[in-house]
Colleague: 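Next up is a structure, given as structure tokens.
Numbers restart at 1 for each chain; the letters A, B, ... are given by sequence-line order, proteins then strands.
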Number of protein chains: 2
Amino acid sequence: MAKVKETLVKTTPPGEDADDIGEIRDIVGFHLRLAHGAVYRHFTETFAELDLTQKQVSVLWLVDDHPGIAQTGLAQRMRMDRATTMAIVNRLEARDLLQRGKSDTDGRKQTLHLTVAGKAMLATAKEAIRAHEEWLKSRYTAREVAVLIELLTRLHE
Amino acid sequence: MAKVKETLVKTTPPGEDADDIGEIRDIVGFHLRLAHGAVYRHFTETFAELDLTQKQVSVLWLVDDHPGIAQTGLAQRMRMDRATTMAIVNRLEARDLLQRGKSDTDGRKQTLHLTVAGKAMLATAKEAIRAHEEWLKSRYTAREVAVLIELLTRLHE
DNA sequence: TATTGTTATACTCTATAACTATA
DNA sequence: TATAGTTATAGAGTATAACAATA
């Protein structure tokens with residue numbers, strides 16, 4: 001479990017520390033956090049004009065794919081709790097991109113739908129996503145993209 | 001560029017949407033965000049008793065690896081701006097885990113060092129990191145871990 | 001009892017801007 | 001001029017707790 005990196009990753013030069021656990025560059029979580037941060041920053045730049053965050057775009061997209069979805073359904077797909085979901089839905093509703101309705105079958109549930117403005121915003125957002133994804137994918141082969149998605153999926157499934 | 005997923009990832013069932021850009025599950029950034037969130041949550045649980053965040057542990061670790069590092073050096077390695085770095089260093093200094101000093105060669109710079117308590121905390125944190133990483137790596141082969149790190153590194157290098 | 005939505009609260013992360021001191 | 005640190009500010013994400021309405 002300690003001699004793996006030599007196979008694919010460039011060998012670590014003799015470290016100044018010989019700890020039990022190794023170096024911070026061998027920690028998967030460290031790289032995941034840095035990678036997420038880098039992508040987050042590029043996303044924010046790409047979406048500065050639209051003034052949308054990753055989460056907000058994801059919510060618009062998911063509501064469009066699943067019209068009438070309840071907030072809890074959204075929370076499950078986004079891996080968020082109810083309070084966080086509320087906050088995001090509130091912001092989108094305040095901007096008239098999304099609207100709440102009452103469920104016919106379950107009085108406790110809200111039904112979520114995009115407004116006309118929301119659908120237009122999503123269409124624009126998808127264009128920006130395409131540019132953002134191309135920037136991201138530019139450093140990978142098509143095969144590597146598939147592998148990366150597969151490996152990442154195992155972390156949140 | 002659209003027929004890649006069949007090779008490695010399970011085929012997408014006929015979607016209800018036939019958009020230009022495809023489905024949200026084909027977006028790398030979407031999976032990266034979910035994966036990061038899942039790992040972030042597990043990290044938080046693991047470090048609840050120590051009351052340390054990912055960033056704080058990373059800072060302690062990096063300062064220990066590079067004694068006397070300046071805040072800007074820390075910011076570069078962490079991909080953070082100066083203000084964010086300040087906030088984190090302030091918290092760690094307030095808890096007496098880290099201390100600031102003046103640089104001999106450059107009056108503008110701070111030199112950062114761990115306190116005795118900071119070194120003890122880092123040692124404990126590394127044990128928790130080991131458990132956290134084992135949870136994370138449990139779903140991968142050693143080869144896959146190396147591949148994942150290599151692919152993630154390309155996003156933040 | 002369990003679920004859903006809601007509200008309130010608090011902390012962290014992130015970024016920007018403006019200021020001071022030093023190079 | 002540029003760099004390093006500092007301070008203030010603001011928005012967003014994350015989580016917890018408690019409450020009301022409904023199943």
Side-chain angles (χ1 to χ4, degrees), chain A residues 32-34 36-48 50-59 68-95 98-112 156, chain B residues 32-34 36-48 50-59 68-95 98-112 156:
Chain A
L32 184 61
R33 195 169 53 67
L34 289 184
H36 174 259
V39 172
Y40 173 84
R41 280 189 290 277
H42 184 270
F43 186 101
T44 301
E45 292 169 17
T46 306
F47 279 78
L50 292 180
D51 193 27
L52 287 174
T53 66
Q54 288 180 319
K55 296 244 153 155
Q56 290 166 355
V57 172
S58 295
V59 166
I69 192 175
Q71 285 181 192
T72 48
L74 211 49
Q76 285 170 12
R77 288 174 187 274
M78 304 274 296
R79 272 78 172 177
M80 302 185 304
D81 61 17
R82 290 172 294 164
T84 306
T85 307
M86 271 291 300
I88 295 174
V89 170
N90 283 345
R91 287 184 200 111
L92 293 175
E93 190 184 38
R95 289 171 67 180
L98 182 151
Q99 59 186 23
R100 288 177 163 102
K102 287 289 181 186
S103 169
D104 293 336
T105 58
D106 192 331
R108 298 170 300 180
K109 290 189 177 178
Q110 295 279 9
T111 61
L112 300 176
H156 66 79
Chain B
L32 184 61
R33 194 168 54 67
L34 289 184
H36 174 260
V39 172
Y40 173 83
R41 280 188 291 276
H42 185 270
F43 186 101
T44 302
E45 292 168 17
T46 306
F47 279 78
L50 291 179
D51 193 27
L52 288 174
T53 66
Q54 287 180 321
K55 295 244 153 152
Q56 290 167 354
V57 173
S58 295
V59 165
I69 191 175
Q71 284 180 192
T72 48
L74 211 49
Q76 284 169 13
R77 288 174 186 275
M78 304 273 296
R79 273 77 173 177
M80 300 186 304
D81 60 17
R82 290 173 294 165
T84 306
T85 307
M86 271 291 301
I88 294 173
V89 170
N90 283 344
R91 289 186 198 111
L92 293 173
E93 190 183 39
R95 290 172 67 180
L98 181 151
Q99 60 186 20
R100 288 176 163 102
K102 286 290 184 187
S103 168
D104 294 337
T105 59
D106 191 332
R108 299 170 299 181
K109 289 188 177 179
Q110 296 278 10
T111 62
L112 301 177
H156 65 79

Colleague: Taking only residues two or more places apart in sequence, or in another chain, which ones meet B:Arg41 in a salt bridge (Lys or Arg N to Asp or Glu O under 4.0 Å)?
Modeller: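 B:Arg41 satisfies salt bridge (Lys or Arg N to Asp or Glu O under 4.0 Å) with no residue once adjacent residues are dropped.
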Colleague: Between A:Gln56 and A:Thr53 (side chain of the first, backbone of the second, donor and acceptor by atom type, cut-off under 3.5 Å), is there such a pair?
Modeller: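 Checked: pair present.
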Colleague: Counting side-chain heavy atoms from CB outward, which of D:dG5, C:dG5, D:dA15 is closest to B:Arg41?
Modeller: D:dA15
Colleague: Between B:Thr53 and A:Lys109, which is nearer to the 5' end of DNA chain C once each is assigned its nearest nucleotide?
Modeller: A:Lys109
Colleague: What pairs with B:Glu93 under side-chain hydrogen bond (donor to acceptor under 3.5 Å, both in side chains), at least two apart in sequence or on another chain?
Modeller: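 Here the qualifying residues are B:Arg100.
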Colleague: With sequence neighbours excluded, what pairs up with A:Glu45 under the salt bridge (Lys or Arg N to Asp or Glu O under 4.0 Å) test?
Modeller: none
Colleague: Hey, does the side chain of A:Thr72 come within less than 4.0 Å of C:dT3's phosphate (OP1/OP2), counting only N and O?
Modeller: no
Colleague: Of all residues at least two apart in sequence or in a different chain, which pass the side-chain hydrogen bond (donor to acceptor under 3.5 Å, both in side chains) check with B:Arg91?
Modeller: none
Colleague: Nearest whole angstrom, please: distance from the C1' of C:dT12 to the CG of B:Leu52.
Modeller: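 Nearest whole value for this atom pair: 13 Å.
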Colleague: Counting heavy atoms from C-beta on, name the nucleotide in D:dG5, C:dG5, D:dG13 closest to the side chain of A:Gln71.
Modeller: C:dG5
Colleague: Rounding to a whole Å, what distance do you find between B:Leu74:CG and D:dA4:P?
Modeller: 13 Å
Colleague: Ignoring backbone atoms, establish whether A:Gln54 has a side-chain N or O less than 4.0 Å from OP1 or OP2 of D:dA12.
Modeller: no
Colleague: Once you round it to whole Å, what is the distance between P of D:dA4 and CD1 of B:Ile69?
Modeller: 12 Å
Colleague: Output the rounded distance in Å from CZ (B:Phe43) to C1' (D:dA15).
Modeller: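 My rounded result for the distance is 16 Å.
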Colleague: Any base atoms under 4.0 Å from B:Ala70, or only sugar-phosphate, or nothing? Heavy atoms, all strands.
Modeller: sugar-phosphate
Colleague: Donor-acceptor check, side chain of B:Thr84 to backbone of B:Met80, threshold 3.5 angstrom: yes or no?
Modeller: no
Colleague: How long is the line joining CG of B:Asp104 and P of C:dA23, in whole Å?
Modeller: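 After rounding, the reported distance stands at 12 Å.
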Colleague: Which pairs, with at least one residue in residues 70-86 of chain B and sequence neighbours excluded, count as a salt bridge (Lys or Arg N to Asp or Glu O under 4.0 Å)?
Modeller: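 Found none.
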Colleague: Tell me: NE2 of B:His36 to P of C:dC13, nearest whole Å?
Modeller: 10 Å
Colleague: Could you say whether A:Gly73 or B:Arg79 is positioned toward the 5' end of DNA chain C, judged by the nucleotide with the nearest heavy atom to each?
Modeller: A:Gly73
Colleague: Rounded to whole Å, how long is the line connecting atom NZ of B:Lys102 with atom C1' of C:dA23?
Modeller: 14 Å
Colleague: Mind checking A:Arg100 for me? I need base, sugar-phosphate or nothing, with any heavy atom below 4.0 Å counting as a touch.
Modeller: sugar-phosphate
Colleague: What one-letter contact string describes nucleotides 16-23 of chain D from 5' to 3', where B marks a base within less than 4.0 Å of any protein heavy atom, S marks contact via sugar-phosphate atoms alone, and - marks no contact?
Modeller: B-----BS
Colleague: In whole angstrom, what separates B:Asp51's CG from C:dT12's P?
Modeller: 7 Å
